[in-house]
Structures are given as C-alpha cells and as structure tokens.
Number of protein chains: 2
Amino acid sequence: MADDGRRVAIVGAGLAGCLLAVLLGRRGVPVTVYERRPDPRIAGAERGRSINLAISARGLAALEQVGLRDQALKQALPMHGRMVHPRSGGRNFQPYSADGERAINSISRAELNRALLDTAEATTGVTLRFSQRVTGVDADAGAILLDGADTEPADVVLAGDGAYSAVRRSLDLNEDADFLEHGYKELTVPPKDGEFALDPDALHIWPRGTSMMIALPNLDRSFTCTLFWPKGDFTALGTPEEVTAYFERHYPDVAGLMPDLVDDYEHNPVGSLVTVRCRPWTRFGEGAAVALLGDAAHAIVPFFGQGANCAFEDCIEIDRCLTETDGDWRRALSLYQERRKPNTDAIAEMALDNFIEMRDRVSSPVYRAKQAATHALERRLAGRYVSRYELVSFSTMPYAEIPARISRQNRILAATVAGTALAGTAAVALAARALRRSGN
Amino acid sequence: MADDGRRVAIVGAGLAGCLLAVLLGRRGVPVTVYERRPDPRIAGAERGRSINLAISARGLAALEQVGLRDQALKQALPMHGRMVHPRSGGRNFQPYSADGERAINSISRAELNRALLDTAEATTGVTLRFSQRVTGVDADAGAILLDGADTEPADVVLAGDGAYSAVRRSLDLNEDADFLEHGYKELTVPPKDGEFALDPDALHIWPRGTSMMIALPNLDRSFTCTLFWPKGDFTALGTPEEVTAYFERHYPDVAGLMPDLVDDYEHNPVGSLVTVRCRPWTRFGEGAAVALLGDAAHAIVPFFGQGANCAFEDCIEIDRCLTETDGDWRRALSLYQERRKPNTDAIAEMALDNFIEMRDRVSSPVYRAKQAATHALERRLAGRYVSRYELVSFSTMPYAEIPARISRQNRILAATVAGTALAGTAAVALAARALRRSGN
C-alpha cells in the first residue's frame with residue numbers, strides 16, 4: 001500500500017497515536033500527528049498524572065511489530081505477582097501465573113511515550129505537530145478544526161485523543177460515560193538508603209474495602225503509589241496532621257516510607273476513573289473517514305492494567321484491516337470497529353470486576369485458597385485450565401472470548417467437584433480429568 | 001432572602017439562564033450571567049438554528065411569575081391543533097384539546113430570549129456578561145474557568161449552558177448521550193402575497209415514515225419548517241435539481257411555497273437531536289455548589305415541544321426550593337434535583353415516543369379514529385379523562401405522574417369496552433361511567 005495522496009491525520013501523540021503513526025508510516029502512508037500538549041520530551045510530564053503502566057503480552061506483541069519490545073522491556077521492571085498488604089498486618093505474595101514465571105512489566109508511561117515519539121519522528125512520512133489542539137472534525141467538509149478556529153484538510157482522521165476526546169464529542173456519537181465514585185491520587189515511596197523500599201518484583205496492593213492503594217516500582221528505585229478512594233473522602237483530610245494520622249492508621253507499613261506524603265497529598269490532583277462506551281466509533285462523511293481508537297473509543301478503568309495494552313491492539317487491528325482491504329480506508333475502519341468493539345466491551349467489564357477483586361477479595365482467605373486451587377489445576381493441566389488473569393495478561397486471546405472460556409472451565413469444575421465427596425487434591429485430579437475429556 | 005454575600009454565577013444567557021437570573025435578582029440575590037456568544041440583541045441569531053418554540057401551560061406559568069406572560073403571548077401565534085398533510089394528498093386538522101379551544105403558542109426563540117434579556121438587565125442585582133466562554137468549574141476551588149485560562153471566584157454555579165454543557169463535562173458526571181439517527185434542517189415558507197401561505201392556526205406536519213417535516217407560523221407571516229431525516233440522507237441530495245425534485249415528489253403541497261428551498265437546503269446546517277441523561281445534576285465541592293438545569297441537565301428531543309417549558313419549570317423549582325430552605329443553597333439544590341429528575345426523565349421518554357407518533361401514526365385512519373374517541377371521552381368526562389397531550393401541554397401536573405395516569409385511564413377504558421358487545425358512543429358512555437366510579 002503506497003501513498004495514495006490521502007491526507008491522514010492522527011489526533012493525539014499519546015501511546016496509541018504514536019504507535020499507529022509508526023505503523024502507518026511503515027506502510028508508506030504519510031501521516032500528520034496533532035498533539036495539544038508541547039513536546040513532552042522537552043516540556044516534561046504533568047504532576048501526579050504518571051499512572052504507571054503494566055505492559056503485558058498484548059502490549060509487548062504490538063511493540064514487537066515496531067521493534068520496540070526489547071527496548072521497552074529494558075526500561076521496565078517485571079512484577080511476577082501481587083504483594084497483598086492486608087489490614088491485619090503482614091503481607092502475602094500471590095504469583096500471577098501458575099508457573100510463577102510470567103510477569104507484567106511496570107514501565108513509566110512518560111518513558112514509553114518518549115520512545116514511541118522518537119520512533120515516530122524517525123519514521124519516514126510521519127510529521128509530529130505539538131501544541132496543536134484539535135477541537136473537532138467536520139467529516140463532511142473533510143477538515144479538522146484547530147483550536148476552534150483554523151481548519152486543515154484531512155481525508156482520514158484517526159482519533160487517539162483520550163477519554164475526553166474532543167473529536168468524539170464533535171461527532172455527536174452516542175456515548176455513555178460512567179464515572180466511578182472513586183477517584184485516584186498519586187503518592188510516592190522514594191528509595192530507602194538507595195534501595196527499593198518494597199519488593200520490586202510485585203505489584204503491591206493494600207486492600208481496604210472502600211479504599212485501596214497500589215504501588216508499582218520505577219527504574220529509579222522509587223514506587224509510584226496510587227490511592228483509590230471515593231472522591232468526597234479525599235477532601236475529608238484537611239490538615240497535614242490529618243493526612244499523616246490517616247495513613248499511619250490505615251497504611252501503617254508504608255506511611256513511614258513516604259516522606260513527601262503531605263506535600264504529594266496536598267498538591268497532586270484527584271483523577272477520575274471513567275468507563276466510556278461509545279457507538280459507533282466511526283463516521284464516514286462526504287469528505288473524511290473518521291475513527292476513534294484507544295481511550296477515545298473505549299476508556300476503561302485501570303484495574304486490569306489493560307488500557308494501554310488494549311489501545312495498542314486497536315492500532316495493530318487497524319493496520320491489519322488496511323492490509324486485508326488493500327488500503328480501502330472506509331472498509332478497513334468498519335472492519336476494525338466490528339472486530340474490536342466486542343473485545344473492548346469485554347475488557348471494560350472485566351476491568352470493573354477486577355476493582356472489586358483487588359480492593360476486597362484478594363485479602364480474603366477464601367480467595368487465596370481458591371486461587372491456590374486454580375493454580376494447582378493450571379499446573380496439572382498445562383494450558384487446558386487457565387485463569388482469567390492469565391488469559392487477559394499473558395495471552396493474546398481476544399478479550400471477548402475470555403468470559404465464556406472461564407465459565408466453561410468453571411462449570412466443568414463445579415460439576416465434577418459436586419459429584420464427589422472428595423475435596424482438595426483428589427477433587428482437583430478429577431476435575432483435571434473432566435476438563436481434559438471436554439477438550440477445553 | 002437577602003444578599004448573603006455569596007457569589008452566584010449563572011452560565012448561559014439562554015431562555016433558562018435569563019429566567020433564573022430574573023427570579024434570583026428579585027429574591028435579592030445578586031447574580032452574574034456568563035454567555036459565550038455576543039449579545040444577541042446586537043449580533044442577531046445564527047442561521048438555521050431558530051428552532052421555533054411552542055410555549056404551553058408550563059412555560060406560561062413560569063413567565064407569569066416574572067410578569068412576561070402577556071408580552072410573550074402578544075409575540076406568539078396560537079396553534080389550536082395539528083394540520084396533518086398526508087402522503088396521499090389533502091390535509092386534516094386535529095385539535096389539540098377536546099374543547100378545541102386550547103392552543104400551544106408558536107414564538108420565536110430569539111424574540112423570547114431578547115425579552116428575557118431585557119428583563120434580566122433591568123433587574124437589580126443581575127449582571128450580564130457576553131462573549132465570556134465558561135469552559136468549566138472547579139467546585140473545590142470555588143471558581144469558574146473562563147476560556148480555559150482565567151478563573152473567577154464563585155460560591156454557587158447554576159449551569160444552563162445547553163445540551164453540550166461545558167460545565168457538565170468539566171465535572172465528570174455520569175452521562176448518557178443518545179443521538180437519534182435523525183438530524184434536522186430548517187427551511188422557510190415566506191408569506192405569499194403578504195399573507196400566510198398555510199393556515200397559521202396549526203402546527204403543520206408532513207408525516208413521511210422515516211422522514212417528517214413540520215412548520216410553525218411566525219409573526220411576519222412566514223413559516224419556519226424543520227425537516228427531520230436520517231443524517232446520512234441529507235447529503236444524498238447533491239445538486240439543486242435533486243433537492244427540488246425530492247421536495248416536489250415527497251412534499252408536493254409545500255415545495256412550491258419555498259422559493260429559497262435550494263439555498264436554505266445547501267446552507268443551513270444539519271442539527272443533531274440528542275437525549276442527555278446525567279446523574280447527579282449537582283456537585284457540592286469545598287468551594288462551590290454547582291447545579292445543572294435545562295438542556296445541560298436533561299436535553300430532550302423536540303417532538304413534544306417541551307424543552308423550553310421544562311427548563312422554565314427547573315428555574316421555578318430552584319426558586320421554590322430556595323424559599324423552602326431559607327436560602328440554604330446546598331439543601332435547595334439537592335431538593336431541586338430530587339424533585340425534578342423523575343419529571344425530566346418522564347418527559348424525555350414521552351418526547352421520544354412522540355417522534356414515532358408524529359412521523360407515522362398521526363396520518364393513520366386508526367389513529368384519527370382513536371383520537372376522535374378520546375376527545376369524545378374527554379368532552380363527556382370534563383377533567384376525568386384527559387389525553388396525554390393535554391396533560392403535558394395544558395396542565396402543570398408533574399410530568400412523572402402522567403404516564404401512570406394515562407395507563408390507569410386506558411385500563412379502565414379497555415376493561416369496560418371489552419366487557420360489552422357495544423361499540424361507538426355506547427361504549428364511550430359505559431367507559432365514562434366506569435371512569436367516574438373509579439374516581440379517576
């Protein structure tokens with residue numbers, strides 16, 4: 001597919017916008033990327049908005065396609081499991097995979113974005129334009145609107161401008177935005193005596209029922225913590241003393257590791273957690289074909305660590321659809337939507353589910369016993385019984401197929417166990433046989 | 001309730017914003033109204049965006065409270081019924097009320113807005129600021145954001161900034177925006193030989209199944225027509241000849257009355273029709289109490305002619321709640337939301353229903369027979385059996401009570417008629433007796 005003279009615009013030079021620019025540039029499609037912020041490689045990132053990323057199988061597969069997988073992994077820290085810090089004290093480590101060997105990878109969003117920007121900039125045909133705010137698209141006129149005033153012609157517009165997408169809003173698409181009652185605030189655990197203050201091989205979770213904190217390791221040996229709490233509750237801590245007292249009471253094993261707690265708490269913003277469901281994702285006007293991708297099409301909550309991974313899959317699918325349709329943009333973008341929508345709907349639900357799991361269930365003994373049994377099954381069955389977490393994080397099975405697969409596994413398991421008076425390893429052995437016979 | 005020093009901001013100097021400013025000013029509450037457009041009394045209105053209004057009982061009751069009822073009626077043209085122009089030719093008039101005497105009132109949105117602006121400007125304590133775009137509110141800081149840059153302090157923010165409310169979007173409220181597949185385009189029937197070219201005592205409807213046109217009379221003896229059509233279909237008419245041919249074929253009795261048809265069609269924009277459901281309507285931050293009203297809280301489709309009437313009821317309710325709570329803004333705005341939300345949800349559904357009725361059913365003989373029977377019942381029962389249309393348009397019964405009232409009436413009616421072998425007037429007489437006994 002060569003340059004057919006079409007003017008292709010990507011809105012947003014975030015993770016998805018950059019990856020898509022590289023993919024298109026490599027196809028020989030010239031593309032202009034409009035980004036409302038100044039170049040982050042010069043200007044730096046916003047305070048308290050880092051939202052650490054965990055890149056897993058889907059993201060790595062996408063980065064592989066543009067040759068960035070190894071570089072990304074070099075900047076990342078593997079986390080092989082969850083370290084749960086229960087209210088009652090102590091901590092317990094729960095591996096993410098049955099074999100204990102698979103890991104999700106903590107990486108700085110800013111670093112990964114910089115690497116993608118560098119790659120995009122070095123790709124023939126890709127033009128990056130910073131400090132250019134796209135405020136809308138006129139699909140019939142075939143134009144993008146800059147700052148509500150100037151227009152620039154465009155035949156194809158690919159909008160990766162985030163959960164609050166201005167392009168999406170300008171198209172009058174059906175939209176459902178569901179905000180959690182919870183917001184988030186970032187806090188920091190700096191290195192202690194030059195070393196990680198917590199185990200760097202884990203994603204740390206402090207489940208506290210209505211609130212929850214997580215921490216992901218950074219290359220500089222600090223941790224970025226994210227406190228999730230009903231938005232109204234954040235303002236309840238009015239004084240430095242109240243902030244300190246609250247953390248000492250509810251997060252005693254980490255409060256002492258946060259020397260800047262009060263300053264972070266007072267100055268970092270409270271972010272929102274939104275699920276956006278939009279339909280359709282495309283608009284085919286007289287002048288331009290427009291499609292949304294990433295958070296602009298399907299913002300999800302961060303509790304499965306899949307936002308960026310999922311957005312990268314969008315880019316790969318657009319690229320694949322262009323190949324399959326011989327560069328027919330309208331057919332390609334229709335196909336892209338048709339294939340991706342069920343998958344992004346599925347991960348949106350699973351991400352909401354996982355919030356309950358993380359803030360509550362992971363600390364319960366029943367959950368831990370169940371998880372241990374699951375892992376025992378997984379080990380025994382090597383690929384026939386695989387947990388939801390593994391299918392989401394360590395496979396590239398389409399998200400939409402995962403819930404049915406899990407139900408099927410669980411049905412077989414329940415039927416087997418219910419039909420016997422056995423428990424423990426004997427039940428596992430029987431279930432294993434049943435699953436093997438089912439061809440699951 | 002006197003000036004308590006609170007800084008009260010109203011966002012949007014549309015119909016609702018102005019009415020609310022007058023009501024608050026009269027309470028002795030100083031208020032600043034921010035409007036992003038220039039003063040429409042100087043700058044004039046936008047092309048093709050007039051959307052004629054039909055003011056009915058609810059709107060008139062509200063205008064009465066600020067002494068504008070009679071002035072509005074003087075600028076309005078009463079429409080006593082629908083004039084249906086069927087596809088098969090001819091036309092039939094269907095009165096809106098059983099007695100044929102009640103009317104909804106066609107009035108220019110721009111004129112009514114000007115009258116409200118004049119009244120607001122003349123009200124002590126009301127300050128109007130034009131060309132000031134409010135882009136958001138920070139409820140914790142107690143500030144409104146102007147053009148994304150400057151801030152101004154505010155303790156109370158009342159947002160009447162329309163279906164695409166910037167205030168609503170800045171608050172991260174849960175929001176569901178449902179766009180109809182249909183858009184609308186305005187066209188004009190000018191006076192013919194100095195006279196109305198159609199009967200000015202009616203709201204004209206050309207029901208055509210997937211498309212529909214309506215026309216409302218203006219004081220200058222023209223009619224403003226609104227064509228509703230699936231958005232994609234508008235662009236199907238590419239040339240002046242195609243436009244003319246289409247109208248001559250589908251709207252033959254009015255095409256000849258539209259000398260500017262082609263120019264209007266080519267230059268007037270295609271508007272969107274959206275239902276916005278948002279929850280909550282309020283945000284009580286550390287610094288400011290914020291509430292949405294009118295389309296900002298609950299944009300509805302125009303097919304029941306209730307958008308402005310409903311927004312005016314919001315203003316009256318806010319004023320009433322302030323009285324009941326002795327000027328306690330937070331309690332007042334909570335109460336306002338609690339009372340109004342079920343009502344605006346109800347009218348939103350009824351407005352969507354009415355689209356089907358207007359574009360399809362009004363032209364069917366069954367519908368006409370049913371409507372005639374309804375009116376016969378209404379006449380016989382004087383207030384016991386009242387049609388949905390009359391309850392919405394000619395009463396101030398809370399919208400939320402109307403669907404249940406109509407179901408009850410219909411149940412009694414059906415039970416009576418089903419239990420007899422009678423038809424026509426005899427059945428009506430029996431139903432009348434049953435309804436009278438039910439105390440409905």
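Numbered from 1 within each chain, the chains take letters A, B, ... in sequence-line order.
- In terms of heavy atoms, A/Ala299 sits closest to A/Ala163 at CB-CB, 3.6 Å.
- The shortest distance between side-chain heavy atoms of A/Phe284 and A/Leu333 falls below 4.5 Å.
- Here B/Phe303 pairs with B/Phe228, B/Phe355 under the ring-ring contact (aromatic ring centres under 6.0 Å, His included) rule; sequence neighbours left out.
- Annotation: side-chain contact (heavy atoms from CB on, under 4.5 Å) contacts of B/Ala311 (sequence neighbours excluded): B/Ala16.
- Using a 4.5 Å cut-off on side-chain heavy atoms (C-beta onward), B/Val301 and B/Leu180 make contact.
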Distance-only criterion, 3.5 Å: which donor-acceptor pairs connect chain A and chain B?
unit_1: A/Tyr164; atom_1: OH; unit_2: B/Asp172; atom_2: OD1; d: 3.0
unit_1: A/Tyr164; atom_1: OH; unit_2: B/Asp172; atom_2: OD2; d: 3.0
unit_1: A/Asp172; atom_1: OD1; unit_2: B/Tyr164; atom_2: OH; d: 3.0
unit_1: A/Asp172; atom_1: OD2; unit_2: B/Tyr164; atom_2: OH; d: 3.0
unit_1: A/Asp172; atom_1: OD2; unit_2: B/Ser272; atom_2: OG; d: 2.2
unit_1: A/Asn174; atom_1: OD1; unit_2: B/Phe179; atom_2: N; d: 2.4
unit_1: A/Glu175; atom_1: N; unit_2: B/Ala177; atom_2: O; d: 2.9
unit_1: A/Glu175; atom_1: O; unit_2: B/Ala177; atom_2: N; d: 2.7
unit_1: A/Ala177; atom_1: N; unit_2: B/Glu175; atom_2: O; d: 2.7
unit_1: A/Ala177; atom_1: O; unit_2: B/Glu175; atom_2: N; d: 2.9
unit_1: A/Asp178; atom_1: OD1; unit_2: B/Arg279; atom_2: NH2; d: 2.8
unit_1: A/Phe179; atom_1: N; unit_2: B/Asn174; atom_2: OD1; d: 2.3
unit_1: A/Ser272; atom_1: OG; unit_2: B/Asp172; atom_2: OD2; d: 2.2
unit_1: A/Arg279; atom_1: NH2; unit_2: B/Asp178; atom_2: OD1; d: 2.8

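- Atom-to-atom distance recorded for A/Leu273:CG and A/Phe179:CZ is 9.5 Å, nearest 0.5 angstrom.
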